[in-house]
Amino acid sequence: MLVLITYDVSTEDAAGRQRLRKIAKQCVNYGQRVQNSVFECLLDAAQCRSLQAKLCSIMDPERDSLRFYYLGNRYENKIEHFGCKPSYEPEGVLII
């Protein structure tokens, strides 16, 4: 299923900046960054629970927030993109 993950981390201090880097690093391991604090991740249920647990263990629930939007397996018709950054196919070929 395609999951859209967004986060807002307080970066007023060094600890917040460190949390921000750790959360972004975990998200990069699972998906594609589509905006600064927004990732599209193709996950199965176990991967999703694992990623949620990792991110929740990093964040400070008093200062930060995480959002998971479950777009499901038929996500193609649920996403429209406008603007300068080209869209990508989550299940397409990735050339490195």
Side-chain angles (χ1 to χ4, degrees):
M1 78 180 127
L2 184 68
V3 180
L4 185 72
I5 301 171
T6 67
Y7 53 88
D8 187 18
V9 176
S10 174
T11 57
E12 295 175 353
D13 57 16
R17 292 186 290 277
Q18 184 178 18
R19 288 193 312 275
L20 178 67
R21 286 190 300 276
K22 286 182 178 181
I23 287 175
K25 186 175 181 181
Q26 285 300 318
C27 289
V28 165
N29 290 336
Y30 286 87
Q32 175 70 37
R33 183 187 299 255
V34 293
Q35 291 186 352
N36 287 339
S37 296
V38 181
F39 283 81
E40 290 179 356
C41 304
L42 276 175
L43 307 169
D44 60 32
Q47 289 172 319
C48 189
R49 284 190 303 274
S50 174
L51 181 55
Q52 281 179 341
K54 287 176 185 178
L55 297 181
C56 286
S57 71
I58 296 168
M59 71 175 282
D60 178 348
E62 300 295 320
R63 303 176 73 194
D64 308 332
S65 67
L66 287 169
R67 288 178 165 251
F68 286 72
Y69 296 90
Y70 303 99
L71 300 178
N73 293 322
R74 300 183 62 159
Y75 57 85
E76 294 89 355
N77 298 328
K78 298 178 183 177
I79 301 171
E80 287 186 294
H81 176 263
F82 305 95
C84 64
K85 291 185 180 180
S87 189
Y88 79 104
E89 293 291 324
E91 296 182 90
V93 176
L94 179 63
I95 299 174
I96 300 176

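Evaluation of the salt bridge (charged side-chain N to carboxylate O under 4.0 Å, His left out) rule for Glu62 yields no partner, not counting sequence neighbours.
Rounding to the nearest 0.5 angstrom, the gap separating the CE atom in Met1 from the CG atom in Leu71 is 10.5 Å. Leu4 contributes atom CG, which lies 7.0 Å from atom CG of Leu2 (distance to the nearest 0.5 angstrom). Here the SG-CD1 distance, from Cys56 to Ile23, works out to 8.5 Å after rounding to the nearest 0.5 Å. Interatomic distance, Tyr30 OH to Lys54 NZ, rounded to the nearest 0.5 Å: 3.0 Å.
Here salt bridge (Lys or Arg N to Asp or Glu O under 4.0 Å) pairs that include residues 14-32, with residues two or more places apart or in two chains, are Arg19-Asp64.
Under a hydrophobic-cluster definition in which Ile, Leu, Val, Met, Phe, Trp and Tyr are linked whenever side-chain heavy atoms come within less than 4.5 Å, directly or via other members, Leu43 and Val28 are assigned to the same cluster. Under the 4.5 Å side-chain heavy-atom criterion for Ile, Leu, Val, Met, Phe, Trp and Tyr, Tyr7 and Tyr69 are members of distinct hydrophobic clusters. By the criterion of side-chain heavy atoms lying less than 4.5 angstrom apart, applied directly or through intervening Ile, Leu, Val, Met, Phe, Trp or Tyr residues, Val3 is grouped together with Leu66 in one hydrophobic cluster. Hydrophobic clustering (ILVMFWY, side-chain heavy atoms < 4.5 Å, transitive): Phe68 and Ile58 are in one cluster.
The heavy-atom pair separating Phe39 from Ala24 by the smallest distance is CZ-O, 3.9 Å. For the pair Cys41 and Gly31, the tightest heavy-atom approach, listed with the atom from each and the gap, is SG-CA, 3.7 Å.
Taking 4.5 Å as the limit, some side-chain heavy atom of Ile5 sits within range of a side-chain heavy atom of Leu55. Residues Met59 and Val9 fail the side-chain proximity criterion, which asks for heavy atoms closer than 4.5 Å.
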Point to revise | Steps toward side chain to side chain contact (heavy atoms under 4.5 Å, CB included) verdict (Asp13, Arg63) | key: CA-CA 11 Å; Asp13 57 16; Arg63 303 176 73 194; 3.1 Å; yes

For residues 44-53, dump all side-chain donor-acceptor pairs below 3.5 Å to protein atoms at least two apart in sequence or in another chain.
unit_1	atom_1	unit_2	atom_2	d
Asp44	OD1	Ala46	N	3.1
Asp44	OD1	Gln47	N	2.7
Gln47	OE1	Asp44	N	2.9
Gln52	NE2	Tyr70	OH	2.5

